[in-house]
There are 2 protein chains.
Amino acid sequence: MHFNAYSAAGTIVHLYRQPGASTSFLLQARADSANTTDGTTMSSPLLPNFFAGRWQTGTGAGTPLLDPVLGSELARVSNAGIDLAEGFAFAREQGGAALRALNYGQRAALLAQIAEVLQAHRDDYYAIATANSGTVAKDSGVDIDGAIFTLGYYAKQGAALGDAKLLLDGGRIRMAKDPAFQTQHIQVPTRGVALFINAFNFPSWGLWEKAAPALLSGVPVIVKPATATAWLTQRMVQDVVDAGVLPVGALSVICGSSAGLMDTLQAMDVVSFTGSAETARLIRNHRAVSELSVRCNIEADSLNSALLAPSATADSEAFRLLVSEVVREMTVKSGQKCTAIRRIFVPRALYKAAGLAIGAKLSQVTVGNPRSGSVRMGALVSQAQKASVLAGLAQLKTEATVLFDGHSAPLVDADAASACVAPVLLGTDSPMAARLLHDVEVFGPVSTLMPYDSLEEAWTMIRRGGGSLVCSVYSEDPAFTAQAAVELASSHGRVHAVSPDVAALHSGHGNVMPMSLHGGPGRAGGGEELGGLRGLNFYHRRAAVQGSSLALDAMAAQGCALPL
Amino acid sequence: MHFNAYSAAGTIVHLYRQPGASTSFLLQARADSANTTDGTTMSSPLLPNFFAGRWQTGTGAGTPLLDPVLGSELARVSNAGIDLAEGFAFAREQGGAALRALNYGQRAALLAQIAEVLQAHRDDYYAIATANSGTVAKDSGVDIDGAIFTLGYYAKQGAALGDAKLLLDGGRIRMAKDPAFQTQHIQVPTRGVALFINAFNFPSWGLWEKAAPALLSGVPVIVKPATATAWLTQRMVQDVVDAGVLPVGALSVICGSSAGLMDTLQAMDVVSFTGSAETARLIRNHRAVSELSVRCNIEADSLNSALLAPSATADSEAFRLLVSEVVREMTVKSGQKCTAIRRIFVPRALYKAAGLAIGAKLSQVTVGNPRSGSVRMGALVSQAQKASVLAGLAQLKTEATVLFDGHSAPLVDADAASACVAPVLLGTDSPMAARLLHDVEVFGPVSTLMPYDSLEEAWTMIRRGGGSLVCSVYSEDPAFTAQAAVELASSHGRVHAVSPDVAALHSGHGNVMPMSLHGGPGRAGGGEELGGLRGLNFYHRRAAVQGSSLALDAMAAQGCALPL
C-alpha cells in the first residue's frame, strides 16, 4: 500500500502524551514518516491501558492504528499480559464502593467536571479524529461535541436528583384495604461493573453516552474501544484520569483484543455492546449472559428508513426536507452511523424526481482528505471498512440500479488507495420483490431509493428491516405523521417526524439526542440507551419493597428521588 | 410401582370434558383403575391442544400425566404431528390483529370475563389439582384463586386505562429552547406472539399471571405448560375458549414436547420461561434470542432468604414471626414455590432456639394424601421431583446437619412409594464456609438455618445466592428494615419486611402479589414480571416520537393513557 499524497508533504503529526505528563499535549512531528511509503512499518507508541487503578502497557508489538487517508501508523494498542480478573475486581470493589458512597447530585457534578476536562482538550480530540477517523471537522464534532453535550445533559438531569441515594419507582401501593402494609418499588445501582464493548464509528460519543448514565447511576465503567479508532477513547480517559475527577476504579480503559473480557463478568455486572450482529450473537451466547443472566444491551446493525408522505409533491416542502435529510445522512461521517438512512420510501409518482434531486445534491459533495478546506466528506475509518462497503454495494447492485455515483468525481488531496469512498444512491422500481435491499446494511455513504404504491406496502417494507433504530417521516399533515408514528413505533426505537414548521428546529434523523430513546427491537439489537433518566434503568436493579408504612418512611428518610 | 392406598378404594376419578361439550363437566369414574396397580398401563384420554384456532389432538400415544399420590394415570398429552409454524402465524396475525383492534379498557373487560369463567369452574380445578398436583385444597387455592385474583387485578388496572390505544411513557420533552419540536416516548404492543414455557408448580397462576398483562397489552398468548401438571392449564384454556370470551388466536395451548417451539419465533415475538437454569440457558442460547433479539424473560431457580434482625430475642415478636413464616414457606405446596425460603439467617445467639422452634412447629405438619381431611401437606408433583429433592437433600447434608426430619412420622393415607416428602430443617454453625448451602436449590419442603455473627456477614451470605427472587426481613425496628431493604434490593426482585404492626396484614414471604415486581437478578433469571402496570412493559415496545407539537397533539388525539 502506498499513500504518498500527504506523507510526502511531511505533515503527519502524532498527538501523543504520556499519562500524567505536565504539558497539555505533545505534538510530535514524525519527520521520518516523510521518508516511508508504508505506514505500517513505522514504530509508534503503545497506548497504555488504565486498568486496576494504574497505567499498564500490554506486552508484544500490539495492533497498529492507521490514518485511513494517509495510511500512516499512528499508535498501537495491546492488552496482552494484563490481568483481566484483577482489573474487573478492582473496578467492581473499589470503583463501585466509591461511586455508591456518593449521591446522585455528587455523581452528576463529576459528569460536569468530565465535560469541562474534555472541553479543555477539545482541539486535541479534533486532531486525533482527523488523523485516526479520517473525518472532516464537522463530522468529528458529531462525535466529540455530541459527547460533551450528552455529559452536560446528564449532569443537569442528575443534579435535579439532588442528594438522593436511591430512586423511587412509582408511588406506594396499598396491598390491602388497611394502608399499614404497602409496596414501594425502588431502583438501586447494580453492584457490578459496566463493560462497554464499543464500535469504531463513535470513539468519543460511544463512550460517554454510555458512561454518563452508568456513572450517574453509581456503576463503574470499563471501556474496550474498537481497535481501529481506539486512540480517541484512550486519550479522553487519560485526560479524565489525569485530571483526578473520578474515584480510582470508576473508569478504566482497556484497548486491543476483547478476548477474555466476557469471561470475567459476574452476575451483577452488565455489558453494553455496539457493533456487528455477529459479535452480538457471540456475546449473547456467552455463559455470562446465558447462564449468569448478566444484563446485556445490544445495539447492532439497522436498515433505517425515511418515508415521504403519500400526499407530497415534487415541489412540496416535505419533498425538499426529505431530499436534504437523505443527503445529510448519507454523507455525515461518510454514512458510518448506525442511525443513517439506508432505505428511502417515496410515493411511486415521485420516484424519478426524488432520485434526481438527491443525486443533484450529492454531486456537490466533495470527497477526500479531511484536512483540505474544500472537502465536505472524509474517509471511511479503515481499509477493512472500505472493502466491506464496496462488497456490500456490489451485493445491493444485484437488486438495484445506480441512480447516482460520486466516484466519477476525483478525490480531493487523497489517493484512490485511501479509505475514501464517494456517495452512491441506488434505486429499484420493484422494491417489494427485493430481498437484499431490506437485509444488507452497507455501512457507508450508500442508500437505496424505493417507490411505494400504498401505505400498506410502505409499512410492510419498512418492517422488513426486522426492527430498526429510527425511521423518519416527512409530511405536512400532522394527522398522517401521527398515524405513521403509531404504525412504526413497534418496530423502531425512534420515529423522527419532519414537517415544515420544524424544518429549522429538528434534531436530524440520525442524531441521537440524550433525551430520546436510542436503540431498536429485533435486528437493531433489542437494546435501549439514553432517553433521559430512562438510560439509568440499565444500570439499576428494580425491587419491590413490601412492608409497613413505618419501614417505608424510614427508607424514604435515607434520601430518595422520584425521577419520572 | 404399586400405589394401592387409594386405587383399592376405587376413588380415582377423571375430570375430563370434550371441548365444547354442553355439560359443564364430565365426571368419569374409572372403575377399572381399582383393578390395576400400575397407573401407567391404563389408557387415558389425550388432551386436545387449542392451536391455530382449532382443537387439534397430537398423534401417537402421548406422555401420561400421573396422580403423584396414587400413581394412577390421569390423561395424556401430545403435540406430535401438529404444524407449529401454522399455529404461531395464526396467533401472530389473527390473534394479534384482533387484540390490537381493541383498546385497553376493552381488553381489560375480557380479563374480567375470563376470571368469571374460571370462577364458574373453580371446583373442577380444585379436583384436577388434587389429582394431578397432589396438593391440599389450601395449596391448590394459591394456584387457582391466585390466578383469579391476578386476572381481577389486571382487569381493574386495565379498566383505568379506558379507551386508550397507546400508552404514553412520561411527558413531552423539549428538544430545544423553541417548544415547537419535542419528543414524546410511547409504548405500543409488540406485533408478535408471547410464548410461555411454564413450570409444573403453578399450572394455573403461572399461565394467568403472564397472560393477564400480555392480553391487556394486546399481545396473543401461546402457552406450553409443563407436562407433569399440564391438565389444569389445558382445562382452563378449554373453558375460556368454550366460553368464547377471547378473539380466536388470542389464546392457544400446546401440550407436550417443547421441541421446535423456539424455532418458530420471529423478531417481534417474546418468550417468557419459568423453570430450570439449564432450560433457561438453552432458551437464551437459541438463535431466536441470540440472533433475532427475541425478548426473553426468565424466572429460574433462587435461594431465597429470611433474615432475623440482630436485635431480636427468642421471646420477641420478630422471632415468632420468622418461625411462623419459615414453617409456612417450607410447607405450602410442599415447598415447591420458586419464592420459598431456602436459607434462614438468624443472630448466632438464636441459632439453637430458632432450630427448636421451627422444628416444633414442623412436627405438627401432617403429610400424606391431600384427600384426607387431617393432612396439611400433600405430595410433590411427581416421582421425578421426589427423586430430585432427595438427591438435593443428600447434597446439602454433606454441609449441614439435620435439625428436624418429618420422615419419622408416618404418611397419612399414602404409600411410602408415593411422591410425598416430609419437611426437613437443616442447619450449620459455620455457614460462611459452606458452598452447596448457598448454591443448591432443593425444590421441596427443605430449608437450612444459618447463624450470622455480623450484619456484614449476613449481607455477604445472602448475596451468595447470586441473585434471588425474594428476601424477607423480620424486625421491630423500621430503621433496620429500611437499611436491610436498601442493602438487599440490588440482589433481589422483592424485599418483604415483616414487623409486628403488619403481622396480621402482610401478604407472605412467598406469595407473589400482582402489584409487586416478581423476578430477580442473576441466578433468579434476571426477569421482571407483574409489578402492576410495569408487567405490561415486556409486551410493549417503547419508542421516542420526535416531532412538531402539532403531530404529537394529533397522536395524543388517537387515545393515549399515561399509566404511571
What's the spacing between A:T481 OG1 and B:D553 CG if we round to 0.5 Å?
-> 12.0 Å
Whatever's closer than 4.5 Å to a heavy atom in chain B on A:P514 counts as neither
Mind ranking B:L552, B:D501, B:V473 by heavy-atom pairs under 4.5 Å with chain A and telling me who comes out on top?
-> B:D501
Find the distance between OG (B:S293) and CZ (A:R284) and round it off to the nearest 0.5 Å.
-> 4.0 Å
With a 4.5 angstrom heavy-atom cut-off, could you sort out which part of B:L550 is near chain A: side chain, backbone, both or neither?
-> both
N/O donor-acceptor pair under 3.5 Å between B:R542 side chain and A:A489 backbone | no
Do B:E487 and A:R191 meet the salt-bridge criterion of a basic N to acidic O distance under 4.0 Å?
-> yes
Toward chain B, the part of A:S507 with a non-hydrogen atom under 4.5 Å = both
Measure the CZ-CE distance between B:R172 and A:M515 for me, rounded to the nearest 0.5 Å.
-> 15.5 Å
Out of curiosity, B:R541 CZ to A:S491 OG, how far, rounded to the nearest 0.5 Å?
-> 9.5 Å
Please flag which part of B:S290 lies under 4.5 Å from any non-hydrogen atom of chain A: side chain, backbone, both or neither.
-> both
Between A:G466, A:G493, A:A485, A:G526, which shows the greatest number of heavy-atom pairs under 4.5 Å with chain B?
-> A:G493
If you tally heavy-atom pairs under 4.5 Å between each of A:A554, A:A267, A:G547 and chain B, the highest tally belongs to A:A554
Interatomic distance, OG@A:S490 vs CG@B:L166, rounded to 0.5 Å, equals 11.5 Å
Quick one: what part of A:M268 sits under 4.5 Å from any heavy atom of chain B, side chain, backbone, both or neither?
-> side chain
Heavy-atom distances under 4.5 Å only: say whether B:R463 touches chain A with side chain, backbone, both or neither.
-> side chain
Examine distances only and state if a side-chain atom of A:H185 and a backbone atom of B:L517 form a donor-acceptor pair shorter than 3.5 Å.
-> yes
Honestly, the part of B:I186 sitting under 4.5 Å from a heavy atom of chain A is side chain
For the candidates A:A479, A:A176, A:G525, which exhibits the highest count of non-hydrogen atom pairs separated by less than 4.5 Å from chain B?
-> A:G525
In terms of heavy-atom pairs under 4.5 Å with chain B, the winner among A:R281, A:E291, A:K165 is A:R281
Using a cut-off of under 4.5 Å on heavy-atom pairs, state which of A:R494, A:Q558, A:M175, A:R287 scores highest against chain B.
-> A:R494
Pick from B:R295, B:E528, B:H492: which one has the most heavy-atom pairs with chain A under 4.5 Å?
-> B:E528
Of all of B:V495, B:L282, B:I283, B:T190, which one pairs up most often with chain A through heavy atoms under 4.5 Å apart?
-> B:V495
Pairwise distance CG(A:L505) to CZ(B:R174) - rounded to 0.5 angstrom | 11.5 Å
What residue in B:V502, B:N285, B:D477 has the most heavy-atom pairs under 4.5 Å with chain A?
-> B:N285
Heavy-atom pairs under 4.5 Å with chain A, option from B:A497, B:G531, B:S549, B:G519 with the top count | B:A497
Between B:T183 and A:S516, do the side chains contain an N or O donor and an N or O acceptor separated by less than 3.5 Å?
-> yes
Please look at A:H506 and chain B and tell me whether the side chain, the backbone, both or neither of the residue comes under 4.5 angstrom of a heavy atom of that chain.
-> both
Under 3.5 Å, side chain of B:R534 to main-chain N/O of A:D169, donor-acceptor pair present?
-> yes
Would A:V486 and B:M555 satisfy side-chain contact (heavy atoms from CB on, under 4.5 Å), going step by step from the backbone distance to the final call?
-> CA-CA 8 Å; A:V486 174; B:M555 188 170 73; 4.0 Å; yes
